[in-house]
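For reference, the structure is listed below as structure tokens.
Numbers here are sequence positions counted from 1.
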Amino acid sequence: PTITSVTPSSAFASNVIGITVTVNGSGFGADSVIKLAYPGVSSLPTTFVSSSQLTTQILPGPPYNLSTPGTYQMQVLSGSVLSNAVPFTIAPPPSITSISPASPVAGTWPFTLTINGSGFVPGGFIEIMSPSSGWDGAYTFVNSGQLVFNYNPPDINAFQGPPPFTETIQLIQVGPGQAYSNKLNFTLSITSITSISPTTGAVGGPLTLTVNGTGFVPGERVYLDNSPTPNTTTYISPTQLTAVLPELLSPHNASITVAPPLGIFSSNTVTLIVSQPAVSVLAPSSGPAGGSTFTLTVSGTGFVPDYSCTYAICGSTVYWNGQPLTTTYLSGTQVSAIVPASKIGSAGTASVAVRQGAFGASNTLTFTINGQIPTISSLSPNSATAGGAAFALTVSGSGFLTGSTVQWNGSALSTNYVSGTQLTASVPASQIASQGTASITVVNPGVAPSNAVTFTINGQIPTISSLSPN
């Protein structure tokens, strides 16, 4: 007998499903037996098909499991005559040595696993096994030492509990004979936060937050109080992310986590302390009543710049007795505001606070408006004749306010504010009915009266109109 070909000409060692081998040639008879020079196997079960073809089955299990890789000679024995020998190869089963990445982050799939090893051939699939799930998928053949596999589990609900998860990967190669590789574990890890900067934030916002940790991958998002910050997380490196947090709506201990794009398997939680702004120093802290417009500098903590929001006023704004002032952000610890002269027209105090957007205000500080003691330099006229008519008195000096009052011997006259250096007052005729003097002063609200200036009431010069008898 003569062998011309054997199909297939090889099989995996310890194949798991068995294979049928067809031997083609000539001179075969019903008594022909296929022989294989494999230790412990003298002949294989043979089926006569025709004088030019025989078949045999290499079944799993002894004695035909053929577990030792190598090349062995196959022949056909017809009666007492042996055919020529042809090689038949027992290939070693595939072996996985490593997987990359070895610890991908749970929830970031789909991602590509690179599988390194030996004995790989095209065709076959990867089986993934874990305590709670199992699934498989076809791989892409690169070469006999490398495969790539798209890891994308069909059911994320099959994962029980929080990561990390231990997954077992096994390669199943199909034909000839189908063989299983060894099993290798890899871990689906979880992102971990080690620190954030800053650790505190002020009500209002927004706030740029730096998140440091391990296992970060592109596409992960920073969550504030379990809500994803919309489209604001930036991947810097496997150990750092940045995120622009939206408006911080209320003072509280906010939770910061990082989660993959699927929004599952979040990291550990760290705390961001959100507090109201606080004011500590006003400069200046006082000013004179009737003074000019000035700039007030407010120092404290938790101030934020102007930002886009849904409210009429956003960012840190200085409030004067509950009314907003035009405010300039200088830093997180300082703002300035323009105080109009109309706010300090009279002596008293003002309550100063900082508010951020539509949210609660800071503590308040008191600004003192000091009363100014006016000074009289002259009166016009400075005298009148007793018994004269009512007249207008012009008082010149300094430190006069809109609320200044001219007093005549301690009694207020009807006063008109002209400027900081001039007032006019109406003097009724009754005040100059008789000869004498009057003390003229000016009083500003809340402070002592000015210096006193004397107004002279001259006596009338008598006139003789007749004598009787003359």
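- For the pair Ser331 and Phe303, the tightest heavy-atom approach, listed with the atom from each and the gap, is O-CB, 3.6 Å.
- Ring geometry for Phe367 against Trp320 counts as tilted: the plane angle lies between 30° and 60°, on a 0 to 90° scale.
- Note that CG of Leu282 is 4.5 Å distant from CG of Leu365, once rounded to the nearest 0.5 Å.
- When ring centroids are compared, Phe125 and Trp135 stay outside the 6.0 Å threshold.
- Counting heavy atoms from C-beta outward, Ile432 and Phe391 have side chains that approach closer than 4.5 Å.
- Distance alone, capped at 3.5 Å, is enough to place a donor-acceptor pair between the Ser362 side chain and the Val354 backbone.
- A donor-acceptor distance shorter than 3.5 angstrom exists from the side chain of Gln356 to the backbone of Gly302, with no hydrogens or angles considered.
- Looking only at distances, no side-chain donor or acceptor of Asn382 sits under 3.5 Å from a matching main-chain atom of Thr454.
- A donor-acceptor pair under 3.5 Å is absent between the side-chain atoms of Ser192 and the main chain of Thr214, judged by distance alone.
- Looking at Pro198 and Leu209, their side chains come closer than 4.5 Å, going by heavy atoms from C-beta outward.
- The line from CD1 of Ile196 to CG of Leu245 is 8.5 Å long, rounded to the nearest 0.5 Å.
- Looking only at atom types and distance, the side chain of Asn444 has a donor-acceptor partner in the side chain of Ser404 under 3.5 Å away.
- Neither side chain, Asn409 nor Ser439, offers a donor N or O lying under 3.5 Å from an acceptor on the other.
- When each of Val142, Ile115, Asn143 is checked for a side-chain contact (heavy atoms from CB on, under 4.5 Å) with Phe120, only Ile115 meets the rule.
- Looking at Val217 and Phe111, their side chains never come closer than 4.5 Å, going by heavy atoms from C-beta outward.
- With Thr297 contributing its side chain and Ser336 its backbone, the two residues share no donor-acceptor pair below 3.5 Å.
- Residues Ser299 and Gln334 have side chains that bring a donor and an acceptor to within less than 3.5 angstrom of each other.
- Between Leu330 and Val335 there is no side-chain heavy-atom pair separated by less than 4.5 Å.
- With a 4.5 Å cut-off on side-chain heavy atoms, Leu413 and Thr405 do not count as touching.
- Considering all non-hydrogen atoms of both residues, Ala361 and Arg355 come closest at CB-CG, 3.2 Å.
- Residues Ser396 and Gln422 are in side-chain contact: their nearest non-hydrogen atoms beyond the backbone lie under 4.5 Å apart.
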Taking it one step at a time, do Thr68 and Ile90 satisfy side chain to side chain contact (heavy atoms under 4.5 Å, CB included)?
-> CA-CA 7 Å; Thr68 304; Ile90 307 299; over 6 Å; no
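- For Thr89 (side chain) and Ala91 (main-chain N/O), no donor-acceptor pair under 3.5 Å exists by modelled atom type.
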After noting the C-alpha distance and the side-chain angles of Asp136 and Ile172, does the key distance pass the side chain to side chain contact (heavy atoms under 4.5 Å, CB included) rule?
-> CA-CA 10 Å; Asp136 57 56; Ile172 300 177; over 6 Å; no
Please report the C-alpha distance between Ile128 and Thr168 in whole Å, then the side-chain angles of each, then the deciding distance to 0.1 Å, and finally whether the side chain to side chain contact (heavy atoms under 4.5 Å, CB included) criterion is met.
-> CA-CA 6 Å; Ile128 304 292; Thr168 300; over 6 Å; no
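- Put simply, the side chain of Val352 does not reach to within 4.5 Å of the side chain of Val279, judged on heavy atoms.
- Side-chain N/O atoms of Ser189 and Thr187 include no donor and acceptor closer than 3.5 Å.
- A centroid separation of 6.0 Å or more is found between the aromatic rings of Phe149 and Tyr139.
- Side-chain contact check for Tyr417 versus Thr415: every heavy-atom pair is 4.5 Å or farther apart.
- The two residues Gly119 and Pro94 come nearest to each other via the heavy atoms O-CB, 3.8 Å.
- Checking Asn268, Asn212, Val211 one by one against Thr194, the side-chain contact (heavy atoms from CB on, under 4.5 Å) holds for a single residue, Asn212.
- Counting only distance, with no hydrogens or angles, the side chain of Thr233 and the backbone of Ala243 share no donor-acceptor pair below 3.5 Å.
- In this model, a donor atom of one side chain and an acceptor atom of the other lie less than 3.5 Å apart for Ser98 and Asn116.
- Nearest heavy-atom pair, Asn363 versus Ala278, reported as atom, atom and distance to 0.1 Å: OD1-CA, 3.3 Å.
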Decide side chain to side chain contact (heavy atoms under 4.5 Å, CB included) for Ser450 and Thr441; before the verdict, give the C-alpha distance in whole Å, the side-chain angles of both, and the deciding distance to 0.1 Å.
-> CA-CA 6 Å; Ser450 70; Thr441 56; 4.0 Å; yes
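- Gly201 and Leu272 make their closest contact through N-CD1, 4.0 Å (heavy atoms, listed as atom of the first residue, atom of the second, distance).
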